[in-house]
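Below is one structure, written out as C-alpha cells, with a few remarks after it.
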Number of protein chains: 2
Amino acid sequence: MSSYKEKKVISIGIVSELTGLSLRKIRYYEERGLLSPGRTGKGGRKYSFDDVETLMKIAERREEGVQTAEIKKELNKEKTKQKIRDEMIKGQLNAHFRMRK
Amino acid sequence: MSSYKEKKVISIGIVSELTGLSLRKIRYYEERGLLSPGRTGKGGRKYSFDDVETLMKIAERREEGVQTAEIKKELNKEKTKQKIRDEMIKGQLNAHFRMRK
DNA sequence: CGTGTAAGGAATTCTGACACG
DNA sequence: CGTGTAAGGAATTCTGACACG
C-alpha cells in the first residue's frame, strides 16, 4: 500500500538540495496547490520522494514559461490517469482471483 | 544504482518517530558502528529507509537482550550475504548478454 | 554497557509582509 | 504572477559530560 516513494519524511531543506529549488519556490508551489506535503506535529513540512519528483516536473514546466495554474491542471490530469491505471490493475487481479476460486 | 531506499534524506527526529527509538539510542548505535548515516553540510545526520529498517532490526535484537557488538556482527554478515547475492545476479546478467552478442 | 538528561550553541524552519514587476 | 529578502520566534539537532549500574 504505502511504499517508500509516498512516505512523507523529507524536510524542506533536503528537498531544496534534491531539486535545486529555493525554499520560497517550494512553499509557493504548495500555496498554489501543486503539491501537499505532510506536517510534523509543530508545523514542519515533510515531503515524499514522489513530491520531489513532482517538484522537478514543476521546475521543468516553469522554465518553459508555463504558469502554476496551468501546471496544476497538468498534474491533476496525470494523477487521474494514474488512478485509472491502478484501478485497471486491481480489476485484473480481482478477475484473476475470482477465476481461481 | 541508487534507489530511494538507499538515499540519505531523513532527519533524526523523523527516524525517531518511524522507529520508536530515542534520539540517544539512534546516535549510540551509530557510535558503536551499527549504521552510518550521512551528514548535511553543517553536521545534521541524514538517514535512508534502509537505515530505518536496520534500526528496527537492532531494536528487536536489543529487546532480546543481544549486545550491540553482537548485533553489529550479525548486520555485517547480512551485508556480506547481500553482496554475494548481488554479484550472482550481476554474473547471470553478464552471462546472458555475452550469449546474446 | 546502554540509556537518560540538562546545557549551551548552532542551524533549520515557520509565518506574514514588503518589494519588484 | 512568481520570487527574493529581512524579521522575530519557535523547534531541531549537535556535542561532550555526568549519572546509574
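Values in this document were obtained by computation on a predicted structure and should not be read as measured data. A note on names: the letters A, B, ... follow the listed sequences, proteins ahead of strands, and every chain is numbered from 1.
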Query raised in the report: For D:dT3, does OP1 or OP2 lie under 4.0 Å from any side-chain N or O of A:Tyr29?
Result: yes
Query raised in the report: Tell me the side-chain hydrogen bond (donor to acceptor under 3.5 Å, both in side chains) pairs involving residues 52-66 of chain A, sequence neighbours left out?
Result: A:Lys5-A:Glu53, A:Glu53-B:Tyr4, A:Lys57-A:Glu78, A:Arg61-A:Glu64, A:Arg61-A:Glu74
Query - Whole-Å gap separating C1' (C:dT13) and CD1 (A:Ile14) - result: 13 Å
Query - A:Asp86 vs A:Lys90, side-chain contact (heavy atoms from CB on, under 4.5 Å): CA-CA, chis, key distance, verdict - result: CA-CA 6 Å; A:Asp86 290 351; A:Lys90 221 192 290 181; 5.9 Å; no
Requested in this report: Using the salt bridge (charged side-chain N to carboxylate O under 4.0 Å, His left out) rule, collect all pairs that involve residues 18-45 of chain B, keeping only residues at least two apart or in two chains.
Outcome: B:Glu30-B:Arg39, B:Glu30-B:Arg45
Query raised in the report: Between A:Ile26 (CD1) and C:dT12 (P), how many Å, whole number?
Result: 14 Å
Requested in this report: Could you check if a side-chain atom of B:Lys46 sits within less than 4.5 angstrom of a side-chain atom of B:Val9, using non-hydrogen atoms only?
Outcome: no
Query raised in the report: Side-chain contact, heavy-atom cut-off 4.5 Å: A:Ile58 with A:Leu75?
Result: yes
Report summary line: Rounded to the nearest 0.5 angstrom, the CG-CD1 distance for B:Leu34 and B:Ile71 is 6.5 Å
Query raised in the report: Pick the nucleotide of DNA chain C nearest each of B:Thr40 and B:Lys25; which residue has the one closer to the 5' end?
Result: B:Lys25
Report task. Any chance you could measure B:Tyr28, atom OH, to B:Ser22, atom OG, to the nearest 0.5 Å? Result -> 12.0 Å
Query raised in the report: Hey, does the side chain of A:Asp51 reach the backbone of A:Ser48 with a donor-acceptor pair shorter than 3.5 angstrom?
Result: yes
Query raised in the report: Of all residues at least two apart in sequence or in a different chain, which pass the side chain to side chain donor-acceptor pair (under 3.5 Å) check with A:Thr68?
Result: none
Query raised in the report: Between residues 51-72 of chain A and DNA chain D, which residues have a heavy-atom gap below 4.0 Å?
Result: A:Arg62, A:Gln67, A:Thr68
Report summary line: Parsed dot-bracket for DNA chain D after applying the Watson-Crick and G-U rules with both distances under 3.5 Å and | for other-strand partners is .||||.||.|.|.||.||||.
Requested in this report: With the side chain counted from C-beta on, respond yes when A:Leu18 and A:Tyr47 share a heavy-atom pair under 4.5 Å apart, and no when they do not.
Outcome: no
**Report entry** Flag side-chain contact, heavy atom, 4.5 Å: B:Tyr29 against B:Leu21
**Finding:** yes
Under-3.5 Å N/O pairs linking protein and nucleotides 14-17 of chain D:
| residue | atom | partner | partner atom | Å |
| --- | --- | --- | --- | --- |
| D:dC14 | OP1 | B:Arg45 | N | 2.9 |
| D:dC14 | OP1 | B:Arg45 | NE | 2.8 |
| D:dC14 | OP2 | B:Arg27 | NE | 3.1 |
| D:dC14 | OP2 | B:Arg27 | NH2 | 2.9 |
| D:dT15 | OP1 | B:Arg39 | NH1 | 3.1 |
| D:dT15 | OP1 | B:Arg39 | NH2 | 3.4 |
| D:dT15 | OP2 | B:Arg45 | NH2 | 2.3 |

Requested in this report: Tell me whether the OP1 or OP2 atom of C:dG2 has a side-chain N or O from B:Tyr28 closer than 4.0 Å.
Outcome: yes
Query raised in the report: According to a strict under-4.0 Å criterion, is A:Ser11 in side-chain N/O contact with OP1 or OP2 of C:dT13?
Result: yes
